[in-house]
Q: 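I have a structure here, written as structure tokens, and I will follow up with some questions on it.
The model shown is predicted, which means the values in this text are computed figures rather than measured ones. Proteins get letters first, then strands, A, B, ... in listed order; numbering begins at 1 in each.
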Amino acid sequence: MENKRINGNDLLALGYKENHAMGVALKINKKRLGFSREQMLAKFKDVLDHPESYLNDKTFKPLAEVLLNIDAIEKETISLNETPDEYAVYGEDHIEEGAKKQMDVAMKLPVTVAGALMPDAHQGYGLPIGGVLATNNAVIPYGVGVDIGCRMALSVFDLPSDYLDTNRDNLKKVLMANTRFGAGHGYLRHERVDHAVLDNELFDTHDLIRSLKDKAWTQLGSSGGGNHFVEFGVIDFTEADEALGVARGKYLALLTHSGSRGLGATIAGHYTKLAKDICKLPYAAQNLAYLDLNTAEGQEYWLAMNLAGDYASACHEVIHDKIKTALGAELLAKVENHHNFAWKEQFEGEEVIVHRKGATPASKDTMGIIPGSMATPGFLVRGKGEETAINSASHGAGRLMSRTQAIKTLAAADLKTMLENHGITLLGAGMDEAPMAYKDIYTVMAAQSDLVDIVAKFSPKIVRMAADGSRED
DNA sequence: ATGTCC
């Protein structure tokens with residue numbers, strides 16, 4: 001393809017190095033200035049060879065300035081350790097190279113204490129998705145992720161699993177009436193509900209968060225797009241679980257996956273930028289910029305992150321409460337867990353900051369939920385407290401295909417057949433969420449048998465996700 | 001993930 005987009009490799013071929021100049025060049029390249037690929041490559045080459053000629057050029061001035069000062073800029077950056085510390089990888093055979101490379105960089109940070117890769121790991125911004133990183137008194141906004149506090153919540157109802165067969169139409173209506181999906185979408189003024197999370201003082205004292213209060217209110221109890229879902233299914237306890245108080249049997253259950261919506265995304269964006277301004281790391285590690293928890297900015301992020309986590313939790317609570325009320329059902333058990341967050345935890349006898357970016361907390365006896373996909377089972381698990389994995393497990397099956405690849409290659413007819421074979425009703429979703437785009441959940445669970453015990457299996461039956469293209473009404 | 005560019 002002659003007109004493919006210029007990338008880092010093209011710039012390396014021109015003689016650029018993997019440093020901040022490359023970052024600036026790629027940013028300029030994104031602007032699409034009407035030049036052809038060849039013209040743009042020629043420009044980049046000429047700026048590299050004669051930066052002084054571009055100091056008055058509107059477009060290339062920032063690049064020329066960085067190129068002329070590159071030595072001073074690189075000298076100001078925090079040095080990484082020469083070699084990455086060792087870290088455990090679970091299910092290595094099925095983890096893409098890019099995720100390991102990102103983890104290698106994270107393991108060179110001066111604040112890093114330990115790391116681990118979960119079997120659903122894939123490439124993200126900064127820390128890979130499925131990456132766990134313990135640091136010394138520092139928090140990495142991109143180590144938490146953009147969707148701060150993204151989590152799972154499961155309600156097990158005192159209704160038998162065959163309730164699904166006899167009440168499918170009603171359950172569909174309950175799901176449609178009590179959930180809302182899609183980027184930007186929330187509830188109208190008269191539809192809003194209240195929740196104590198909105199009383200958090202940051203909504204009064206923190207300028208940015210104050211400006212987000214109204215949006216947070218409208219989006220309270222909504223679910224977003226992408227892989228977020230609200231679904232009814234059957235949970236199968238092949239034996240009684242005494243700690244949870246559930247007898248052997250199959251029950252109707254509600255499973256939700258969503259995060260902190262626009263509130264968390266805006267907080268993440270704000271503090272990632274702030275961290276990058278404060279913490280100057282080499283280009284390859286830029287997105288791992290961290291905030292020292294002994295600074296005002298670090299403390300502020302910590303409070304804002306916790307608010308976003310509480311808000312994500314409140315969203316699930318609203319959904320589960322509405323649906324429980326609509327069903328008039330009794331709750332047998334409820335489990336929930338964040339999988340995009342940072343915690344203060346003990347690790348090998350010292351206090352560390354554990355970042356889990358798409359990883360389930362799995363310290364000894366901690367309950368968690370690891371979903372499969374819309375047509376494959378998810379699992380209720382109990383942590384085994386494996387310290388090598390920094391007391392963590394995967395947060396799902398993990399992607400096998402990128403969203404664009406899935407949309408391009410997967411057939412809607414195949415998905416339809418698969419859903420029919422499994423007796424699944426699907427409301428919304430695009431091909432990018434098809435089960436074929438995900439790794440095999442059984443393989444992923446087998447790769448982490450040292451990390452969690454399976455308590456029960458959840459099979460989705462009525463699944464609601466954002467409409468195709470993330471638009472929804 | 002997010003009304004997808006400050």
Side-chain angles (χ1 to χ4, degrees), chain A residues 5 23-24 26-33 58-59 61-62 102 120-131 140-152 180-188 207-209 211-212 214-220 222-230 256-277 287 304-305 307-309 311-313 315-316 338-342 355-359 371 395-396 398-399 402-404 406-407 428-430 432-433 437-438 465-473:
Chain A
R5 180 199 203 104
V24 174
L26 288 171
K27 212 177 231 175
I28 292 171
N29 181 53
K30 262 195 188 169
K31 289 184 182 167
R32 292 255 156 195
L33 303 154
K58 207 174 148 219
T59 305
K61 182 182 172 189
Q102 287 186 315
D120 59 340
H122 52 103
Q123 212 172 314
Y125 272 103
L127 197 67
I129 321 294
I140 305 169
Y142 262 145
V144 170
V146 174
D147 192 5
I148 301 172
C150 185
R151 60 160 49 193
M152 304 300 304
R180 192 155 299 182
F181 284 80
H185 288 259
Y187 288 95
L188 303 173
D207 285 345
L208 177 72
I209 292 173
S211 75
L212 295 167
D214 200 62
K215 185 193 239 179
W217 194 6
T218 68
Q219 294 186 332
L220 186 64
S222 67
S223 300
N227 58 4
H228 289 173
F229 61 76
V230 179
T256 50
H257 176 212
S258 57
S260 50
R261 314 291 282 109
L263 174 70
T266 310
I267 290 170
H270 175 77
Y271 285 99
T272 293
K273 190 177 178 302
L274 192 64
K276 281 181 171 180
D277 287 344
N287 286 328
M305 176 194 78
L307 169 62
Y311 176 78
S313 178
C315 286
H316 285 262
H338 286 356
H339 54 219
N340 281 10
F341 213 60
H355 303 73
R356 293 189 182 88
K357 185 185 191 181
H395 82 313
R399 279 199 164 272
S402 70
R403 291 186 179 282
T404 42
I407 290 164
D432 48 344
E433 285 303 323
Y438 284 89
M465 304 185 87
D468 204 351
S470 198
R471 285 187 305 275
E472 185 68 25
D473 48 15

Q: Rounded to the nearest Å, what distance is computed from the CG atom of residue D432(A) to the P atom of nucleotide dT4(B)?
A: 19 Å

Q: Return the value, rounded to whole Å, for the distance between atom CG of D147(A) and atom C1' of dT2(B).
A: 8 Å

Q: Do F341(A) and I148(A) have side-chain heavy atoms sitting under 4.5 Å apart?
A: yes

Q: Rounded to the Å, how far apart are Y311(A) OH and dT2(B) C1'?
A: 13 Å

Q: With sequence neighbours left out, what residues match I129(A) under side chain to side chain contact (heavy atoms under 4.5 Å, CB included)?
A: H122(A), K357(A), H395(A)

Q: Without decimals, in angstroms, what is the distance between R403(A) CZ and dT4(B) C1'?
A: 13 Å

Q: Has K273(A) got a side-chain N or O lying under 4.0 Å from the OP1 or OP2 atom of dC6(B)?
A: no

Q: To the nearest Å, how far apart are Y142(A) OH and dT2(B) C1'?
A: 10 Å

Q: Using a heavy-atom cut-off of 4.0 Å across all strands, would you classify K27(A) as base, sugar-phosphate, or nothing?
A: nothing

Q: Just the rounded figure in Å: distance from C1' of dC6(B) to NZ of K30(A).
A: 13 Å

Q: Looking only at non-hydrogen atoms, find the nearest pair between G225(A) and A466(A) and report the distance.
A: CA-CB, 3.7 Å

Q: Sequence neighbours left out, what passes ring pair (Phe, Tyr, Trp, His ring centres under 6.0 Å) with F229(A)? Give chain and number order.
A: H257(A)

Q: Without decimals, in angstroms, what is the distance between R261(A) CZ and dT4(B) C1'?
A: 13 Å

Q: Expressed as a whole number of angstroms, how long is the span from L26(A):CG to dC5(B):C1'?
A: 16 Å

